[in-house]
Structure formats: structure tokens, C-alpha cells
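Computed from heavy atoms alone, side chains included, the values below leave out hydrogens, waters and symmetry copies. Residue numbers start from 1 in every chain, and the chains themselves are labelled A, B, ... in the order their sequence lines are given, proteins ahead of strands.
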Amino acid sequence: MNYKRIPYDIDKIKIPQGEIHIIKNRCKGCGFCVEYCPRDVLEMSDEFNAMGYHPPRVKNPENCVNCGLCEMLCPDFAIWSTLKPDCRQASKKKSAEDEKEAKIES
Amino acid sequence: MIKKEDHHPMESLLRMDRIPHIWCPGCGIGTTVTAFIVALEKLKLDFNKVCVVSGIGCTGRVAGYINLDSFHTTHGRAIPFATGIKLGNPELKVVVFSGDGDLISIGGNHFIHAARRNIDLTVICVNNFIYAMTGGQVAPTTPLTAYTTTSPYGNFELPSNVPQLAESAGAVYVARWTALHIRRLTNSIIEALQKPGFSVVEVISPCAMYYSRINRLGDGIDMMKFYHENSVIKHNEPTENLDIDYQKEIIVGKFINRERPTFTDSYNDWLVTEKKAQSKSMI
Amino acid sequence: MNPGTYNLTGNQACAEGALSSGCRLLGYYPIVPSIEVIERFSKRCPEVGATLIQMEDEISALAAVLGASWTGKKSMTVTSGPGLSLMMEHVGLGVMLETPCVIVDIQRSGPSEGIPNSPGQGDMMQARWGSHGDYEIIALSPNSPQEMFDLTIKAFNLSERYRTPVLIMSDECVGHMTEKVIIPEASKIEIEPRKYYGGPKNKYLPFEWSQDFVPPIVDIGKGYKFHVTGLTHDDKGYPIMNEVCQELNVHRLINKIRLNAPQIIEIEEDKIEDAEVVVVSYGITSRVALNAIQEARKNGIKVGSLRLITVWPFPEKIITKLAKKIKAFVVPEINYGQIVFEVERCSHGNTNTVFVSHKATQVYDSDNILYAIEQGVKEKEIKEKIIEYNK
């Protein structure tokens, strides 16, 4: 990632990695998730689902940061993202560390 | 919210036996429902004490998809039905989820008077500028010159300005967002749910099948792109400036946030003072 | 209210009856001649902790009552003819959602605004057929302040028992009449408890088929997470729009009242065993008819009296049975013919039906009814049409 200013604690921060889940047959192909994904993870696929729509597919899985915008924009409850298992532990540890720091500060 | 790989995170608050829902591709109502569900989960409310009442229309179907005590009532009467529920059991959080035609046209009178009485309701008004369930007729919110099936030469009736109506009738919380401002919309719904009194959240939502097709505005995604480019966030904007013109800028934001005693509070105060007075006179 | 004997108007007695049966919410829109019910209720509100709300119109008044009923509060609304016309939308919703509630209609003359402060019985058919679609309803007709008290309690019991809106079809005369009303001790008043569902939460079906067609109910906020809709629905309450579901749904709604009619129907008979003529009356007309019946008996005519306390469901079988052995029915009403058509229909051409029509605005001269009774006895052959009599 390109930063204008490199944060001094960049070595501590781990960019979360998300995983996209799509229930293809629930999708109505509106394209909201593809259009508004801030990290350009998704694209429309050529295949048809059971209702005859084109569901999205994951184009750049490594780009997903689990922001959850696709999940919130989807009108059909067909797409959601989860944290990748290895990131999950990291983020948990991080939050524990944060809590400790917060206690010390207070 | 616990996210799992095999289940959509909102499934616990949806009636999964009824999904997929009836809304068209590119419709924004599903997105609004998502915002509502996320708001409920963020607030960590007791879901047994939340109740959704809807009227008739596309948005009227929301009650049927949310896995709470939910009522699908007659056209325009969601607010009085919800008023009855709130009076019957003031502990409940009652949410009215309905459309612009239902709340502003046929239910306009009820909207005004519930706001005047300040009944503790949260009203989510999904405004898609048209009567979509019946096939795209002109609505009280259709912008001037917009085409509908019953205004084939352009609408000439002045549309309602929902936030202004709500403010002048006495609502304590008024906000407007589009279906694209999904996180801000969620925050507004959270605030509205927490606010005691009559709170209104208007959601401008794309209608891909009727409004945008007859006006040649493209698909739902094109409407969303239009909102992206043309909506301006102006918090605390005077509500008289919030008229929506055809394909012009849409002002969104939080406009009203004020305090007024709710109907239940006033009524309970009255009951207590009267009871005291009566018991004194008995002595 | 303390038990005892009071001088009350019919309207006040109605409010007392409602409070005695546990009604704790009244949604209304003010309309003459039903005001006194609301006035009495509002005065007693602080004492009993009841809720009273003046809605913006009758439509919302009944909507609020239906909503409140789902929270477990017994609730009712009070209105008159023009208001009942507006309420018809929610009578339909109440029937479809199977919501217990009571609607008191203090009838006035019509159509439209008519004369607000004058009696009428012109809403009888509206009560039965007013809302669109097929449905059955229960309607009671009191004829004295004491009955306003008793039948209001009965109406609440019926609405809880059968999960349906119940109408009390009173009129201005009974509503404004002041008479002795005996209020019994609270322990002696029979109150039908709501039939609550007791099974596991996830298996609750709001519109389940049960033996007596009345499904058990639950309150909002108890964690059942049920859905109900005014659209044609299945037993889960989900809208399913096909002919099978429509048939099952409406069939049950209708059978709920029709098949339970023998338990619901209450009539008051007097000397109908050997009668030649039977006067069928309800509400205030039944009291006017009393004088004519006495006079006729003095003149040696064998007259029986049949008073409809339950007007809907209509006591069809009783009328049909009677029609085979008597010479005529005499039906006095303060309208231009409503219940008389029901009587004629149920008599299946076996006897004459004499109609004593009276314009709204005043009650009868009982001579009219007496004359009609005399006419009825004289008729030898059965006429095809209803014999109408106006002096």
C-alpha cells in the first residue's frame, strides 16, 4: 500500500484480511457490491444462477480487508465477509494489547 | 454480530423461510433492512421487546421478512396500529417501517398526529418517489416533471417534503439519507431508536423497475451512482430547503434533534397527579 | 365501581361494563350520541389506571384498539353510524388478524350525517356486511341500560372466546335512557380469560387449525416472534396467495362463527309455543313492541315475542322452525327494512312477514305494531312479498 506519510507504528499494524462468501442463488445481480467495493475485490461473473441473474465473483481475494460494505449494501442478503482465521487471532491479540494500554493510560 | 463462514450474519433476524424476498433487482429496500438489522444488533436490544409494524406497499412487506413480532396491517394505518401497541405496552420498542405512499399519502393524517402527540415510535420511511407495488403510479413524493404511469406527460403536483412535514408536526428526530449512505443511515437508525419520542428517518431508495425505467434513468446501480454524485450532506439544514427536484441535488443529513415529553410520559404524569387528587378528596 | 344499584344512562352503563370486564384501553374519536361512554371512561381512568386516547379519526381509533389488543390489553372503541362506516376497514383487519376487541355502535339516523341526536337501527346490515370480502361477525343488541352493562361484558367474553371483533349495536334511545342499573360484585361477574398458547416458543402458529376453529393467541413482547398479516395467510401467518390458502383461511374464519353459532346465539322468547303471530324485534323496538303485544293478547290474539339479543349470527334455525307453524312474523325496525329481510329469508316462504317500518328520528307509536299484528292474523294466504304496513 502506498502511504503519503509512513505511520511510525506501521510494523505493529497488520492489515486485516477478509474472505468473501456469496450465496449465488440468492443474488439478483444488482451490482451494488461490485460497484462500491472500495478495494476492487469483486466483479460480475458470466455464469447464471438459479434465478437467471449473474452473481458476483471474487476477482482479487487478497485485496479484501473485511470492511463489510458489500454485506451492508447487498439488498438480498447474499454476500458477506469474514476475517481470515489467521488474522482473527492477530486482531484479538491486538485488542487485548490495546486494552492494556488504555488501562495504563487511564 | 458473530460472523460465520456458512451463515449470513443477519440470518438470525430474518425469516429465512421467506428469503429470497419479493423486491426487484436494484431495489434499495433490502439495503435499508440491512441497515435496520445492523442498528438493532449494534444497540444490543432485547429482540423480544422490539416490534415492527408495516403498512401496505413494497416497503410494507418488510414486516414479513424481519424475525421479530411483526405486523403487516392495512394501507396507511401502520402508525395508528403501532400507537395502540405502544399504549398497550410502553416497554416495547415499536418501529414503523413503511413507504412514502403509505406514510405520507393515505397515512398522512396519522403521521401528523402521531408526531404531534409525540408517541414513542421510530418511523423508517423508504421514499422511492413512486407507488411501486401497484405498478408505478404518481406518489405524493414524485418530483415535479417526473414521469410515472399515471403522469405520462410529467408530474405537475408539488411533492411533499417529508422532513419539513415531520418537523412542523412535532417530530423530535428527523434525518434523511439515501440507500447508499449505508453506515450513516445505520447510525441515524440507532439514534432514532434510542431517542424517546416520534423519530423519523427518511431513506431515499432507488426503484429500478418503475421510477427509473419510465424516466430512462437506468438500473438501480445507476440511481445509486446518481446519489453518489448528487447528494450533499448538510447537517442541521433548515427543513424548508429539503425539497427534492427531479434529478437535482439531494440534501441529506440529520436535521432535527430536540427534546419533548412523549405521550406516555405526559399521560402517566396526568394519571399520577389525578390519582393523588382523587385520593385526597376521598379523605 | 362499588357493587350496588345506580341510576345510569345506557352509555354510562356501557363504560362501567367495559371497566368491569377488564377493558383498559379505549381508543375513540368523538361522535354524537356516543360521547357519554367516553366521558364516563375518562373520569374513571385514573382510578383504574386505564388508557384513553382520542385518535385523529375513527379509522385510526380502531387501528389503535387492534394494536393494543395484541399486547394483551382488553380494548374497545365507541362510535356511531358515520364512524362505523370509517371503521369498516379495520373490522375486516380485526377479523383477518383474529384480534379480540369490542366496537360499540350507538346508532343514529342516516345516511351520511343524518340527524346526530336521534335513534336509528340503520347500521344492522353494515355491521354484518360492511367490510369487503367474506366474513362472519358477532353483534349484540341491548335494549336497556342494564343490558348495556351486561352485554358489554358478554361482548368482551365473546371476543376473547372466539378471537373476533364483537359489535354492540345499541341506539341513541338506549344510550341516553336513564334507568336502574344493578352492578354486581366483581367476583360474580363472569370473565372469559384469553386463550393463550402454552407450547414451545418456536412452534407457535398464530392461525393454527384447532378443534373449535379458534387458534390460541400470544402477546407481543413475549418472544414468540410471530408475524401476522391482513393478506391471505397460512397458519404461520405468512402471506400465501393461492386458492388453497384462501379457501382454508376464509373457510375457517367463517366456520369459527357459523359452527359455533348455537353457543353464541342468545334470544329472549315469550309465549312462542302456541303463538299465531310472532313479533321479532331487537334493541329499543323490542320495548315498544311490548305494549302492542300486551294489547293484542288482551284482544285475544295469540302473540309471541322473539327478541334478538344476538343479532349476528342470525338465529336462522329458530326462525325457520317457527315459520312452519305460525301465521305471520311482525318485524318492527327503525329503518326501511334490514333484519326483516333476514326473517323473510329464513321463513322460506312458509309464512307471511309483516314489516312495520318507522322512519328514524323517533320511536314507534305502539299502535302501529298492534295493527300489524292484527293484519298478520287476518292474512289467509301467504304473500310473495313482505307486507309493509304504515299507518
Task: Full working for side-chain hydrogen bond (donor to acceptor under 3.5 Å, both in side chains) between C:Gln54 and C:Tyr29 - done: CA-CA 6 Å; C:Gln54 177 169 329; C:Tyr29 186 79; over 6 Å; no
Portion of [X] that has a non-hydrogen atom of chain B nearer than 4.5 angstrom:
X	result
C:Lys74	neither
C:Leu25	side chain
C:Lys225	both
C:Leu52	both
C:Thr229	both
C:Lys236	side chain
C:Ala50	backbone
C:Leu93	side chain
C:His90	side chain

Open item on the list: side-chain hydrogen bond (donor to acceptor under 3.5 Å, both in side chains), that's the test. Do B:Ser105 and B:Tyr131 meet it? Break it down for me.
Closed with: CA-CA 11 Å; B:Ser105 182; B:Tyr131 280 87; 3.2 Å; yes
Open item on the list: The test is side-chain hydrogen bond (donor to acceptor under 3.5 Å, both in side chains); show your working for B:Asp120 and B:Thr262 and say whether it passes.
Closed with: CA-CA 6 Å; B:Asp120 187 8; B:Thr262 65; 5.9 Å; no
Task: Interchain contact, B:Leu271 with chain C, by part (heavy-atom threshold 4.5 Å) - done: both
Task: Residue part contacting chain C, namely of B:Arg117, when any heavy atom lies under 4.5 Å - done: side chain
Flag the one option from [options] with the top tally of heavy-atom pairs under 4.5 Å to chain C.
options	result
B:Gly107, B:Gly64, B:Cys51, B:Ser54	B:Gly64
B:Gly88, B:Ser70, B:Gly60	B:Ser70
B:Asn89, B:Ile66, B:Asp46	B:Asn89
B:Asp17, B:Asn48, B:Asp69, B:Val94	B:Asp69
B:Arg18, B:Arg15, B:Lys275, B:His113	B:Arg15
B:Thr83, B:Leu87, B:Val52	B:Leu87

Task: Shortest non-hydrogen contact between C:Ile191 and C:Ser20, atoms and distance - done: CD1-O, 3.4 Å
TODO: Of all the heavy-atom pairs spanning C:Ser60 and C:Met55, show the shortest one and how long it is.
DONE: OG-CB, 3.4 Å
Task: C:Cys45 side, atom SG; B:Tyr267 side, atom OH - distance, nearest 0.5 Å - done: 3.5 Å
Task: Gap between atom CZ of C:Phe41 and atom CD of C:Glu16 - 0.5 Å precision - done: 10.0 Å
- [ ] Check whether any side-chain heavy atom of B:Asp102 sits under 4.5 Å from a side-chain heavy atom of B:Thr59, and report yes or no.
- [x] no
Task: B:Phe71 and C:Phe226 aromatic centres sub-6.0 Å - done: yes
Open item on the list: Taking every non-hydrogen pair under 4.5 Å, which of C:Asp57, C:Val218, C:Val65, C:Leu97 racks up the most with chain B?
Closed with: C:Asp57
Task: Check: B:Lys49 side chain, B:Glu91 main-chain N or O, donor-acceptor pair, under 3.5 Å - done: no
